Amino acid sequence: MQMFWQAFPLVYPAYRRLQSLISYLVSYLLGGGSRLPLAALLAVLSGQPVAAQHTDTLRVGDRRLQTARLKPGTRQYLVYFQSPAKPKMLSFWLWRREVQVARHQDTPVFRIAQHWYGADSSSYREVTSLVRATDFAPLYHAETINGQLKAYTWNATGIAGADTVAGNQVKAFQQVFQQPAFNWNLDIETFELLPLAAGKRFVIPFYDAGSKLPTYVLYTVTGTEVLTVPGGKSVACWKLVTEGLTPAKAPFKQTFWISQRGHEFLKEEDQYPGGLSRYKIKTSTVPEAFPQRVASPAKLQAR
């Protein structure tokens with residue numbers, strides 16, 4: 001069971017990649033995923049009239065993401081899994097995400113750095129992403145997992161291994177896009193930038209760096225809920241929901257709570273086959289930095 005917990009973060013992207021293949025075929029058959037046919041198809045599949053759906057297909061470059069909402073600073077999230085097979089056990093990760101305003105090739109960008117901490121060093125992941133400040137278009141993405149660096153340059157027409165980055169394991173990688181896509185590793189920040197409102201539905205083209213194809217994902221604002229956050233404060237939130245099928249055709253569901261006033265990503269609840277659950281909770285406090293070294297007990301002195 002312990003091996004399952006360790007492997008889950010690596011296995012789940014396979015779910016996304018199957019969705020990518022299906023989305024690509026739909027996009028191709030509809031002439032490259034044009035906005036109206038794709039929205040209409042989603043409405044038909046849900047059994048409701050197109051006019052009642054308010055489906056909004058976001059496009060990289062259309063500047064409808066409210067990027068002015070993203071502020072520099074560090075966010076921290078407690079991420080944990082629970083299985084019905086072991087109700088007294090939780091598997092934990094701590095995610096730190098730092099947003100900085102910078103410039104890249106004379107273009108204003110957001111630099112978003114992620115650090116994922118788990119129970120041991122094999123769980124650690126470091127991610128750095130650059131996106132254009134005006135429209136959140138991806139420009140660069142690098143991630144180090146198990147000591148292996150994978151770095152990519154990214155533009156509207158595709159993604160390729162960064163051949164000037166030392167130690168890059170994917171220098172030969174190339175993937176052409178029919179349509180530009182947003183960086184799926186930055187879904188938390190993307191959700192915070194959506195123009196959320198009651199009844200809104202968004203189709204977002206997301207791409208996991210290194211996979212084959214972008215995925216068009218439907219997200220629906222299903223209502224509002226008052227969430228009690230750490231510290232006891234009550235916060236009115238939008239509930240954003242997406243649902244899908246695993247490769248085994250079993251349903252899964254993800255729900256996100258985004259504050260109405262500040263558009264903060266506060267909570268995520270994921271339900272997977274077999275009763276497996278994953279939660280992300282934004283913490284109320286963030287330490288400036290983790291200690292690099294802790295003295296052994298023998299060297300500690302009483303004060």
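Note that the structure is predicted; figures quoted are calculated from it, not measured. If you read the sequence from its start, that first residue is 1, and numbering goes on from there.
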Return the minimal non-hydrogen interatomic distance between [X] and [Y], and the atom names on each side.
{"X": "V131", "Y": "P138", "value": "CG1-CA, 3.9 Å"}
{"X": "A250", "Y": "P273", "value": "CB-CG, 3.5 Å"}
{"X": "P180", "Y": "V60", "value": "CB-CB, 3.6 Å"}
{"X": "P72", "Y": "V101", "value": "CG-CG2, 3.7 Å"}
{"X": "A162", "Y": "T153", "value": "CB-CG2, 4.1 Å"}
{"X": "A209", "Y": "I159", "value": "CB-CD1, 4.1 Å"}

Less than 6.0 angstrom separating the ring centers of F202 and Y219, yes or no? no
State yes or no: are the ring centers of W116 and W95 separated by less than 6.0 Å? yes
I'd like to know if [Y] and [X] are part of one continuous hydrophobic network [Ile/Leu/Val/Met/Phe/Trp/Tyr, side-chain heavy atoms within less than 4.5 Å].
{"X": "F256", "Y": "V217", "value": "yes"}
{"X": "L240", "Y": "V79", "value": "yes"}
{"X": "Y140", "Y": "F182", "value": "no"}
{"X": "V109", "Y": "V165", "value": "yes"}
{"X": "L139", "Y": "L186", "value": "no"}

Under a single-linkage rule joining Ile, Leu, Val, Met, Phe, Trp and Tyr whose side-chain heavy atoms are separated by less than 4.5 Å, which residues share a cluster with V229? L227, V235, W257, L266
Could you tell me if the side chain of [Y] sits less than 4.5 Å from the side chain of [X], heavy atoms only?
{"X": "K253", "Y": "V241", "answer": "yes"}
{"X": "Y124", "Y": "Y117", "answer": "yes"}
{"X": "V99", "Y": "R75", "answer": "yes"}
{"X": "P195", "Y": "Q66", "answer": "yes"}
{"X": "E264", "Y": "I258", "answer": "no"}
{"X": "R201", "Y": "L218", "answer": "yes"}
{"X": "Y80", "Y": "L78", "answer": "yes"}
{"X": "F191", "Y": "H263", "answer": "no"}

Answer yes or no: does atom NZ of K150 have more than 12 heavy-atom neighbours from other residues, nucleotides or ligands under 6.0 Å? no
Can you confirm whether R103 is buried at CZ, in the sense that more than 12 heavy atoms of other residues, nucleotides or ligands lie under 6.0 Å from that atom? yes
When you look at R125 and T144, which way does the side chain to side chain contact (heavy atoms under 4.5 Å, CB included) test go after all the steps? CA-CA 6 Å; R125 180 178 300 193; T144 301; over 6 Å; no
Would you check, one step at a time, whether the test salt bridge (charged side-chain N to carboxylate O under 4.0 Å, His left out) holds for R278 with E269? CA-CA 6 Å; R278 180 178 69 168; E269 179 179 316; over 6 Å; no
Short side-chain donor-acceptor distance under 3.5 Å, S277 and Q82: no
Under 3.5 Å: donor-acceptor pair, side chain of [X], backbone of [Y]:
{"X": "D208", "Y": "S211", "result": "no"}
{"X": "D135", "Y": "D62", "result": "no"}
{"X": "D270", "Y": "Q254", "result": "no"}

In Å and rounded to the nearest 0.5 Å, what is the [atom1] to [atom2] distance from [X] to [Y]?
{"X": "H141", "Y": "T128", "atom1": "NE2", "atom2": "OG1", "result": "8.5 Å"}
{"X": "S129", "Y": "F136", "atom1": "OG", "atom2": "CZ", "result": "8.5 Å"}
{"X": "R132", "Y": "H104", "atom1": "CZ", "atom2": "NE2", "result": "10.5 Å"}
{"X": "N183", "Y": "T190", "atom1": "CG", "atom2": "OG1", "result": "7.5 Å"}
{"X": "W154", "Y": "Q175", "atom1": "CH2", "atom2": "CD", "result": "11.0 Å"}
{"X": "L58", "Y": "F206", "atom1": "CG", "atom2": "CZ", "result": "8.5 Å"}

Side chain to side chain contact (heavy atoms under 4.5 Å, CB included) evaluation trace for F265 with Y77: CA-CA 10 Å; F265 179 106; Y77 304 87; 3.8 Å; yes
Going by the rule side-chain hydrogen bond (donor to acceptor under 3.5 Å, both in side chains), which residues pair with R97 if we only count those two or more places apart in sequence or in a different chain? Q114, E189
For the pair L94 and Q76, evaluate side chain to side chain contact (heavy atoms under 4.5 Å, CB included) and give the outcome as yes or no after the intermediate values. CA-CA 7 Å; L94 188 70; Q76 184 168 276; 3.8 Å; yes
Applying the ring-ring contact (aromatic ring centres under 6.0 Å, His included) criterion to Y207, which one of W184, F177, Y152 satisfies it? F177
Please determine whether salt bridge (charged side-chain N to carboxylate O under 4.0 Å, His left out) holds for the pair K239 and E225, giving the CA-CA distance in whole Å, both sets of side-chain angles, and the decisive distance to 0.1 Å. CA-CA 7 Å; K239 289 181 68 175; E225 183 176 325; 3.3 Å; yes
Please assess S122 against N146 for the test side chain to side chain contact (heavy atoms under 4.5 Å, CB included), listing each intermediate value before the final yes or no. CA-CA 6 Å; S122 65; N146 291 327; 3.9 Å; yes
